[in-house]
Undergrad: 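Sharing a structure with you now.
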Amino acid sequence: MSTEIRGLNEECGIFGIWNHPSAAQITYYGLHSLQHRGQEGAGIVSTDGVTLKGHRNLGLLADVFKHGELDDLVGKSAIGHVRYATAGGKSLSNVQPFLFHFHNSSLALAHNGNLINAQTLRQELEEEGAIFQTSSDTEVLAHLLKRSQTESFVEDLKVALNKVKGGFAYMLLTENELIAALDPNGFRPLSIGKIGDSYVIASETCAFDTVGAEFVRDVEPGELIIIDDDGLHIEKFTEDVKHSICSMEYVYFARPDSNIAGINVHSARKRMGKRLAKEAFVEADVVTGVPDSSISAAIGYAEETGIPYELGLIKNRYVARTFIEPSQELREQGVKMKLSAVRGVVEGKRVVMIDDSIVRGTTSRRIVQLLREAGAAEVHVRIASPPLAFPCFYGIDIQTRSELIAANYSVDEICRIIGADSLTYLSEDGLVEAVGKPYPDEPYGGLCMAYFNGDYPTELFDYEKEYLASLEAESR
Ligand code: SF4
């Protein structure tokens, strides 16, 4: 029944710095604060202005660089990447940054997002003789770049960026410059900061606090940020832009201490909780949130209702997120290892359990069960986002729509499946208003809501159209 979306969908973190004596070390610490965006692989490439040198491997950043590999990454500029991947894309050859050596220069490339026309472009390039070394979308840009024949690297890049479609935040490093580019919808966050005279660019602003950088500004959709020894220059590779910031960044992905489009993620989540309280109040004794990403919304719900917020669920910090476990069995095991319900808090109580989203339902069912096993008298589940019912083509790992429980069952059915006494989701308007409409004149205030309502902010290509048509046929 399930229909596979093309292989690689990823949610990653990127970081880069130009002109700092400890470039690789700062990149390491920057990436460390982006580790929540990807735990399956990490890499850093640095340049001393003459050559580019890199190290990358599967695993957490600290494991990838545990044998002093950072010391070899000399030079004043560097870029790095932490990678999240689905099971199919889990191989060293897909870990970034990719390093390409051409006859007279080198290029390192890191990418956060997902291209919607990668398959078509790849096919075209292969027909023209290109040989791909990885299964990643990212390599497509390097091949397009190599084929472009304008008078400068930046112009070649602009031509290539106009051919790739979808969600992308790219970071490129050559011997002469650090370049960042954001897709025309600005799906993924990307910001510029400064440490003294050195510019840094990162997927999230929380990385700036870690490395002691000052926030300068966000990268805007369609922009090319070029940093070299003359400073920072901003160009555009297209004028056809609008904001469609991934709303799931606010709901789940980003760290609460990051700001996206000037909006603090913790504050947005708290407002989601408050709005949820207005939309779906229930008489209860305690409010608890599923750690970590739902704590802010739970605090908001408690504040709005006056029901005390309690730590009803505790997380074991040393187990990776269940979202990355590759199999159902491992996912269930992951929840057991990861969370405990606090008997002293929930026993005999009517509990409101706030979660940020329900993807497959497996985790929610297990958490409800944990609360009941710990003696909760009632468990009311409140979700701080609308039901996830459509596939994401721009970089989030849901391979099949059949995996999305809300695409296949009604809210009442989901409530029964997860074993809750009641279940309510935040409305679409509720989410848009809680985030705070960073771009009030644009659709959904500048957010992408496609995951919830299927309103895709870009044109779709044959592959995606066929996929959506097959889903419609399945549901008839
Ligand atoms: S479809 Fe959903 S997950 Fe994908 S970019 Fe849009 S809001 Fe984000």
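Just so it is clear, the model here is predicted, and its values are computed rather than measured. We count ligands from 1, going down the list as the structure has it; atoms in each ligand are counted the same way.
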Undergrad: Could you list which atoms of ligand 1 come closer than 4.0 Å to a heavy atom of Ser247?
TA: 7 (S)
Undergrad: Heavy atom to atom 1 (S) of ligand 1, shortest distance: which of Tyr451, Tyr252, Tyr250 holds it?
TA: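 Heavy atom nearest to atom 1 (S) of ligand 1 belongs to Tyr451.
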Undergrad: Counting backbone and side-chain atoms alike, does Cys392 have an N/O/S atom under 2.8 Å from atom 4 (Fe) of ligand 1?
TA: yes
Undergrad: Check whether any N, O or S atom of Cys246 sits under 2.8 Å from atom 8 (Fe) of ligand 1.
TA: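 Coordinating: yes.
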Undergrad: Write down the atom of Ile418, the atom of Ser364, and the distance for their closest heavy-atom approach.
TA: CG2-CB, 3.9 Å
Undergrad: I'd like to know if Glu223 and Arg217 make a salt bridge, using a cut-off of under 4.0 Å between side-chain N and carboxylate O.
TA: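 A salt bridge is present here (some side-chain N lies under 4.0 Å from a carboxylate O).
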Undergrad: Evaluate the side-chain proximity of Leu125 to Phe132: yes if any heavy-atom separation is below 4.5 Å, no if none is.
TA: yes
Undergrad: Within a distance under 4.0 Å of any heavy atom of Cys448, pick out the atoms of ligand 1 and give their elements.
TA: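 The atoms of ligand 1 under 4.0 Å from a heavy atom of Cys448 are 1 (S), 5 (S), 6 (Fe), 7 (S).
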Undergrad: Could you list the atoms of ligand 1 found under 4.0 angstrom from a heavy atom of Arg188?
TA: 5 (S)
Undergrad: A side-chain contact here means heavy atoms from C-beta on lying under 4.5 Å apart; do Thr210 and Phe15 qualify?
TA: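 Not touching, per the 4.5 Å side-chain cut-off.
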Undergrad: Would you say Leu232 and Lys194 make side-chain contact, with heavy atoms under 4.5 Å?
TA: no
